[in-house]
Amino acid sequence: MIDDPVTARRLRQALPVFVALASFLLIVTVMAALYFGRDFLVPVTLAILLSFVLVPGVRALRRIGMPRVPAVMLVVVVAFGVLIGLGTLIANEAAQLAADLPRYQITMREKITALRGATASQGTLSRIIDMVQDLGAELQPARTEEAEAKPGSADRPLTVEIKAPKAGVIETLTTFGGPILHPLATTGLILIFTIFILLQREDLRNRMIRLAGSGDLRKTTAAIDDAASRLSRFFLAQLALNIAFGIVIGAGLWLIGVPSPTLFGVLAAILRFVPYIGAGISALLPLVLAAAVDPGWTMVIATAALFVVVEPICGHVVEPLLYGHSTGISPVAVILAATIWTFLWGPIGLVLATPLTVCLVVLGRHVERLWYLDVMLGDQPALSPPEIFYQRMLANDPAEAIDQGREFLRERALVTYYDEVVLAGLLMAQDDLSRGTLDRDRQDEVGAAIRSVVTRLGQTQVRRRTRRGSSSRLGSTETAAALAAAGPDRRAAGIVLAKADLAPGWQGETPVLCVSSRGPFDEAATLMLSQILGRHGLASQVMSMAALRAGERPENLDIALICFSYLEPVSLSQIRFTVRRARAAVPGVRILVGFWRERDPATLDRLRRATSADILVTCLNDALASVVEASRVPVARTIPAPGRGAPARLPEPAAAL
């Protein structure tokens, strides 16, 4: 422990720098280990990913009574037999294509000549071709008259060729056997690791649980099992879809007449593991070959149309049905992962980029210590909707919050958006205000931004529910039967009342008075409540508690309900005093108190009695439902209210509000 406060403060200031430096060094070390250890790590990674695909087959054989070792060996032999067969097929098809390529050179030259002649009038392509030919000629050694001089002269020296000594048996085997032995060694490592991973799957799972944290075995086991199950289903679905994609592409190329359709079908299935660009890369070579084979352009157009039609169907129709709308990775993370893994492991890293990133995201979602992986790579929002809303308000940029609200309103009601997003953001602002982290200027800016959002969203149309659950636009009249069936629940968010639906005492111009306690955030909550009531046929007027205490009067005395809005903590005795004063000022009025914070439902009735309120709610949805229900009950006036022609004034006790 450091006793010197100056030294301690300096250490605290330098701590973020040390953490950032340590994180950078850790990243560099990990990347260096991945790069220099790729000869060992690539087979291990392929074996792990392959085991996710083969586990369902092993489980199926185990369920029919086959022992573990024979089941694992059978599944592995079948899988590697298929892979070796595909490799042999690709090699044969590639060799056949290479042998046929010289036949297509004449067609390509004729097409280039025809294309050059077709654009001769414009001259653009012709000038490009001429420039390339001129540059090629300049790069060739010049042949002059002096170059024809006698070999061995000063102008034309003799060419001396140095030949290496004849290689021995070991050098010959190394030269010609290296390219063959390296793939065989890699395949052998993958085979061995796959077998042992499948045989020791439970033991490896237990070790992973130990590394992830064994404090809560139930939670950790469920997370690991769920992650393994999700990865297995994802890889199987992706493998099946890509195989189907390759079959369709190969069959389509065969029907079109492109040579070696089997080769291109297999390559299309493999390259489609690369997201976004894999299908496009797999289309390049067939397009070039189609242009070389067909003297016209029909085959090229048909090949391009094949990829343009099949890939969107697989990516936007079949893929969401198989494993959701996405891989769970953000698009930026996909491109970044593909770049990093290609740099580290070459072409095999490009193919493995998405599966490896999916593994990291799943681990980040299930292993608490790796949560940052989900934040950095996952497609889930890094901030919750209320946090996004409040952050936009702090930045004084309500445009994004307005777009967020409009997107929300496509599926749900405005009152629900206010409850789940805006009120939650207001509570964050109120908490910052209570901690003293918001100065007066920032409070006013945030309050003004929130009011602008509420005003803009309030201009959208509201839908109401009919008796059968359909909807219509604002201004429709709800039937009495539907009103009775709605009840004081969230279905009231779809009800639009007309004056004929309101009980006596509720048919004035503004039967509801909404009073905000204090502060810009309470004012915004009160404005939302007033807006929601007005959109559903219950007009209201908004006043602040300070204005009432200063002697200002409401515009209309035909008040049936007074709503007090409290966003910040207030003592119950103060609320009870305010409620009693309101009843004394407006005899027969009903009182609604809104505590816009989550509370235990079991304590709401006790709080209502403690505040002497008729209605106590904690969300705008409940407030709307309660007011709709109350509007069907006539107001019991104990003294006659002033006539409409009389001046608008309240009895003296109203000044105490």
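Hydrogens, waters and symmetry mates are skipped; everything else that's a heavy atom, side chains included, is used.
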(request) Return the minimal non-hydrogen interatomic distance between Val75 and Leu61, and the atom names on each side. (result) CG2-CD1, 3.6 Å
(request) With the side chain counted from C-beta on, respond yes when Leu289 and Phe264 share a heavy-atom pair under 4.5 Å apart, and no when they do not. (result) yes
(request) Mind listing the closest non-hydrogen atom pair of Phe389 and Gly425 along with its distance? (result) CD2-CA, 4.2 Å
(message) Within the 4.5 Å heavy-atom criterion, are Glu311 and Arg272 side-chain neighbours or not?
(response) yes
(request) Report the distance from atom CD1 of Ile402 to atom CZ of Arg456, rounding to the nearest 0.5 Å. (result) 4.0 Å
(message) I'd like to know whether Glu93 forms a side-chain contact (heavy atoms from CB on, under 4.5 Å) with Val266, so could you lay out the CA-CA distance, the side-chain angles of the two residues, the decisive distance to 0.1 Å, and finally the verdict.
(response) CA-CA 10 Å; Glu93 291 288 334; Val266 175; over 6 Å; no
(request) Kindly indicate whether a cation-pi arrangement holds for Arg38 with Tyr35, taking the cut-offs as under 6.0 Å to the six-membered ring centre and within 45° of the axis. (result) yes
(request) Drop me the distance from Leu83's CG to Leu50's CG, to the nearest 0.5 angstrom. (result) 6.5 Å
(message) Quick one, Leu34 with Trp341, criterion side-chain contact (heavy atoms from CB on, under 4.5 Å). Give me CA distance, side-chain angles, the key distance, then yes/no.
(response) CA-CA 9 Å; Leu34 291 173; Trp341 288 111; 4.0 Å; yes
(request) Working to the nearest 0.5 Å, report the span between CG of Leu409 and CG of Leu414. (result) 5.5 Å
(request) Supply the atom-to-atom distance Tyr417 OH to Glu411 CD, rounded to the nearest 0.5 angstrom. (result) 15.0 Å
(request) First locate atom CG of Leu356, then atom CG of Leu377, and finally report the distance between them rounded to the nearest 0.5 Å. (result) 11.5 Å
(message) How long is the straight-line distance from CD1 of Ile195 back to OG of Ser51, given to the nearest 0.5 Å?
(response) 12.5 Å
(message) For Val453, run the side chain to side chain contact (heavy atoms under 4.5 Å, CB included) check against Met393, Gln404, Glu400 and tell me which one passes.
(response) Met393
(message) So Val293 and Val258, do their side chains get closer than 4.5 Å, heavy atoms only?
(response) no
(request) Run the numbers on Leu344 and Phe36 for side-chain contact (heavy atoms from CB on, under 4.5 Å), then give the verdict. (result) CA-CA 9 Å; Leu344 294 175; Phe36 292 106; over 6 Å; no
(request) Using a 4.5 Å cut-off on heavy atoms from C-beta on, say whether the side chain of Phe52 contacts that of Leu236. (result) no
(message) Quick check on Phe196: does its CZ atom have over 12 non-hydrogen neighbours (other residues, nucleotides or ligands) under 6.0 Å away?
(response) no
(request) Answer yes or no: is there a side-chain heavy-atom contact under 4.5 Å between Pro56 and Arg59? (result) no
(message) On a heavy-atom basis, which atom in Ile190 and which in Ala47 lie closest, and how many Å separate them?
(response) O-CB, 3.8 Å
(request) Mind listing the closest non-hydrogen atom pair of Ala268 and Ile249 along with its distance? (result) CB-CG2, 4.2 Å
(message) Would you say that Trp345 contacts Ile348 through its side chain, given a criterion of any heavy-atom pair below 4.5 Å between the two side chains?
(response) yes
(message) Does any part of the side chain of Phe408, heavy atoms only, come nearer than 4.5 Å to the side chain of Thr416, both counted from C-beta?
(response) yes
(request) Dump the intermediate steps for side-chain contact (heavy atoms from CB on, under 4.5 Å) on Val318 and Phe245, then the final yes or no. (result) CA-CA 10 Å; Val318 181; Phe245 177 79; over 6 Å; no
(request) State, to 0.1 Å, how close Thr186 and Pro43 come at their nearest heavy-atom pair, and which atoms those are. (result) CG2-CG, 3.9 Å
(message) Any non-hydrogen side-chain atom of Met31 less than 4.5 Å from a side-chain atom of Ile340?
(response) yes
(request) Could you pull out the closest heavy-atom pair between Cys314 and Leu241, with the gap in Å? (result) O-CD2, 4.0 Å
